[in-house]
Structure formats: C-alpha cells, structure tokens
Amino acid sequence: MAKIFVTRQIPTQGIDLLKNAGHEVVVSSKDGVLTREELLAQVKGVDAILPLLTDKMDSEVMDLAGKQLKVIANYAVGYDNIDVKSATERNIIVTNTPNVLTESVAEHAIGLILSLAHRIVEADQFMRDGKYVGWEPMLFLGNDLVGKTLGLVGFGRIGAEVAKRLYDGFNMKIVYYDTRRNEDLEKQFNMQFMELNDLLKTADFVSVHVPLLPTTKHLLGAEQFKLMKKTAYLINTSRGPVIDETALVEALKNKTIRGVGLDVYEAEPKMAEGLAELPNTVLTPHTASATEETRGAMSELAAKNIIAVLGGQPAITQVVLKYLINP
Ligand code: GLV
Ligand code: GLV
C-alpha cells in the first residue's frame with residue numbers, strides 16, 4: 001500500500017479512485033494553502049504527492065519526501081510550480097491535467113471577451129446601484145465581436161478551442177502567434193500566423209494562452225501595449241507573470257489600450273495597485289477551470305496518473321522535460 005499526500009481538499013472523484021486502488025490517502029485538513037513549513041512537514045515518506053498550482057515543488061520538497069517518492073501529479077495543466085528538472089534527475093514522474101480543462105478555460109476566456117465587449121460587468125453594477133432611469137441611445141456602448149480580429153498569443157489546445165468557437169460561432173477573423181505553426185488549423189479557421197509585434201498591431205482582442213516559462217515571463221509589457229490598438233482589449237487566462245501587471249495598470253490609466261479581462265495575476269492572490277479601481281477591467285479569481293465537471297475530471301486524471309505510475313505503468317499525461325527547454 002502506497003502513501004499519497006493530497007495538499008488540499010479537491011473534488012472527491014480522484015480521492016475515491018486512489019482509495020479504491022488500495023492506497024493510503026492523506027488529504028490536508030487545512031482550509032487554505034499550506035505554508036512551506038506545513039508542506040515540508042507532511043511530505044516525508046510519501047510515494048506520491050498531488051499538489052495544487054500554489055504549492056512549490058522543488059528539490060527540497062523532493063529530497064525531504066525521500067527516495068520512495070515516485071510521482072508528483074499536479075492538479076493543474078500549468079506546471080510552473082514544479083521543478084521538472086530536479087524531479088527528472090530523481091526519477092520522479094511529473095504529471096499535469098491537460099485536455100480535461102481545455103474547453104472550460106476556452107469558455108471562460110470567451111466569457112471575459114464578451115463581458116468586456118458588451119460591458120456586462122459595468123452595466124450590472126449600474127443596475128445594482130439604482131442608476132438606470134430610462135432607456136438611452138448611448139448608454140454603455142460597447143463593441144461587437146463579429147468582424148473583429150482575435151489575436152491568440154499561444155496556440156496550444158486552449159488557444160485552438162478559443163479560435164474554433166470565435167471563428168465558427170462569432171465570425172471573427174483569427175490571427176495567432178506561437179513558437180510553432182499549426183498549418184492544418186490555419187486552414188480550418190482561415191487563420192493567419194503573425195509575429196508577436198504584428199499580431200499586437202492587428203488584433204482587436206488579444207487573448208493569451210502560453211505556459212509560464214523563462215521565455216514568456218513579461219512577454220507583454222509597456223512596449224507591447226504601445227503597439228496595440230487604443231481600442232484593443234487584452235485577456236489573460238494563462239499565468240499572471242506573462243504580463244507586466246504594473247505596466248498594464250499604467251496602460252489602462254493612460255488609455256493605451258481599452259480594457260482587460262484577467263483570470264490570473266502576477267503575484268496571486270494580490271493584484272497590482274490600482275487595477276481594481278479601473279472600470280475597464282473584468283477580474284476573476286483564477287477560476288477559468290472552475291466548473292463542477294472540469295474540476296472533477298482534473299481530480300480523476302491526477303489520481304489515474306498516480307495509480308498508473310505506482311502500478312508500474314506509464315503515466316497518462318506526463319510532463320516531458322524537453323518541452324520546458326525548447327517549447
Ligand atoms: C490552472 O491554472 C491550471 O493550470 O490548470
Ligand atoms: C493547455 O493545455 C494548452 O495547450 O493550451
């Protein structure tokens with residue numbers, strides 16, 4: 001019987017799978033993110049860890065856990081919280097939860113786009129404040145999506161699902177930037193590949209779908225915002241540090257760009273000073289994958305990865321090191 005440490009209560013599907021496979025499962029009883037000390041105190045002697053994206057998994061954690069540690073199954077598709085190189089050196093398999101959350105995150109990104117374009121959050125607040133005194137021709141004028149250009153920065157699974165929905169369903173033009181081209185989907189979505197600067201000059205909506213890597217940290221900052229149209233909206237459902245958030249607040253204040261929809265922040269759970277006071281922002285608390293269906297599926301996939309590895313089988317969705325070095 002192997003011992004598995006789950007760093008936070010997650011939907012029970014995965015926990016049940018692990019228990020039914022005969023493993024001893026310890027779920028952190030704390031209602032909150034474990035402090036570093038609490039985390040270190042509980043990993044000793046475990047065969048598997050199921051951490052959240054807020055738990056830093058570095059060589060110290062791995063060495064403290066001990067040589068029997070075989071798998072770290074992240075409860076997230078992003079794995080910038082895990083030192084994959086140190087894990088690989090110690091023969092520890094790292095897994096993530098791709099695919100199961102792709103559509104949910106794509107829907108959320110589109111939700112942010114629609115909220116901004118149709119000014120839904122501002123208008124909702126206006127109603128609640130009792131300010132609606134009668135129909136007005138010029139009240140809360142926003143923008144249509146139809147005919148506008150969507151610029152996707154990063155074209156992996158999630159970017160592709162956003163493209164599909166906004167091309168097929170909303171008649172948007174799609175341009176994209178990535179380190180790799182996808183010529184099949186270029187044809188399918190009548191989509192144009194562009195270098196980042198050209199995309200920023202062209203797009204009416206810029207939606208970010210890259211992993212956080214040394215090469216994507218502050219990919220978008222003051223210089224890039226200046227290239228964007230003054231009427232453009234920026235949406236980020238990937239990782240906060242991809243955007244220089246302090247520069248973003250300045251760009252919004254100076255009307256360099258029109259608005260922003262964020263699900264992720266540079267120093268979560270904090271926000272850059274001034275961000276929350278700006279009207280042209282829609283802000284959600286890193287909940288793009290937070291649907292009952294998706295969080296349940298993530299729980300199952302993380303558990304299945306652990307069960308596979310502990311059973312001597314290949315992981316279902318292993319994080320591969322080469323992707324980190326040469327994305
Ligand atoms: C959420 O941010 C994830 O990476 O799954
Ligand atoms: C995430 O899984 C992506 O590839 O976009």
Side-chain angles (χ1 to χ4, degrees), residues 6-11 13-14 32-34 49-58 71-84 87 93-113 152-162 178 207-217 219-220 234-243 245 260-271 282-306 315-321 323-324 327:
V6 182
T7 65
R8 184 84 174 261
Q9 186 63 57
I10 58 171
Q13 288 93 323
V33 179
L34 294 178
I49 306 175
L50 197 164
L52 310 185
L53 58 89
T54 41
D55 300 312
K56 194 169 155 79
M57 294 284 128
D58 55 12
V71 50
I72 299 175
N74 214 31
Y75 187 67
V77 67
Y79 46 84
D80 44 279
N81 57 313
I82 303 179
D83 180 350
V84 182
I93 303 282
V94 176
T95 69
N96 65 343
T97 60
N99 309 316
V100 293
L101 49 63
T102 302
E103 290 166 316
S104 180
V105 177
E107 287 182 6
H108 196 90
I110 293 167
L112 292 174
I113 290 173
L152 293 165
V153 177
F155 195 74
R157 290 167 289 246
I158 296 169
E161 288 301 319
V162 173
D178 200 303
S207 190
V208 183
H209 302 282
V210 294
L212 177 59
L213 301 166
T215 48
T216 60
K217 175 146 197 258
L219 186 65
L220 301 179
L234 176 65
I235 295 89
N236 188 13
T237 51
S238 65
R239 282 291 181 271
V242 174
I243 290 178
E245 204 171 291
V260 68
L262 298 178
D263 186 51
V264 289
Y265 305 87
E266 196 168 348
E268 287 181 31
K270 294 200 191 87
M271 280 185 282
V282 177
L283 308 169
T284 53
H286 206 147
T287 46
S289 71
T291 64
E292 290 174 10
E293 298 86 350
T294 292
R295 287 285 164 86
M298 288 165 65
S299 172
E300 258 189 63
L301 180 54
K304 284 181 179 166
N305 271 310
I306 291 175
I316 301 161
T317 50
Q318 182 174 353
V319 169
V320 187
L321 188 60
Y323 191 73
L324 265 181

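Note that ligands are numbered from 1 as they come in the structure, with each ligand's atoms numbered from 1 the same way.
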Q: Return the set of residues passing side chain to side chain donor-acceptor pair (under 3.5 Å) with Arg295 (not counting sequence neighbours), or none when no residue passes.
A: Ser289
Q | Partners meeting salt bridge (Lys or Arg N to Asp or Glu O under 4.0 Å) with Asp80 (sequence neighbours left out) | A | Arg239
(Q) Has Asn81 got a side-chain atom pairing as donor or acceptor with Thr54's backbone, closer than 3.5 angstrom? (A) no
Q: With a 4.0 angstrom cut-off on heavy atoms, strictly below it, pick out the residues next to ligand 1 and order them by chain and number.
A: Leu53, Ala76, Val77, Gly78, Leu101, Arg239, His286
Q: Output all residues satisfying side chain to side chain donor-acceptor pair (under 3.5 Å) with Ser207, sequence neighbours left out; order by chain, then residue number.
A: His209
Q: Check for a donor-acceptor pair, side chain of Thr97 on one end and backbone N or O of Ala76 on the other, with a separation under 3.5 Å.
A: yes
Q: Using only heavy-atom distances, determine whether the side chains of Thr284 and Asp263 contain a donor-acceptor pair under 3.5 Å.
A: yes
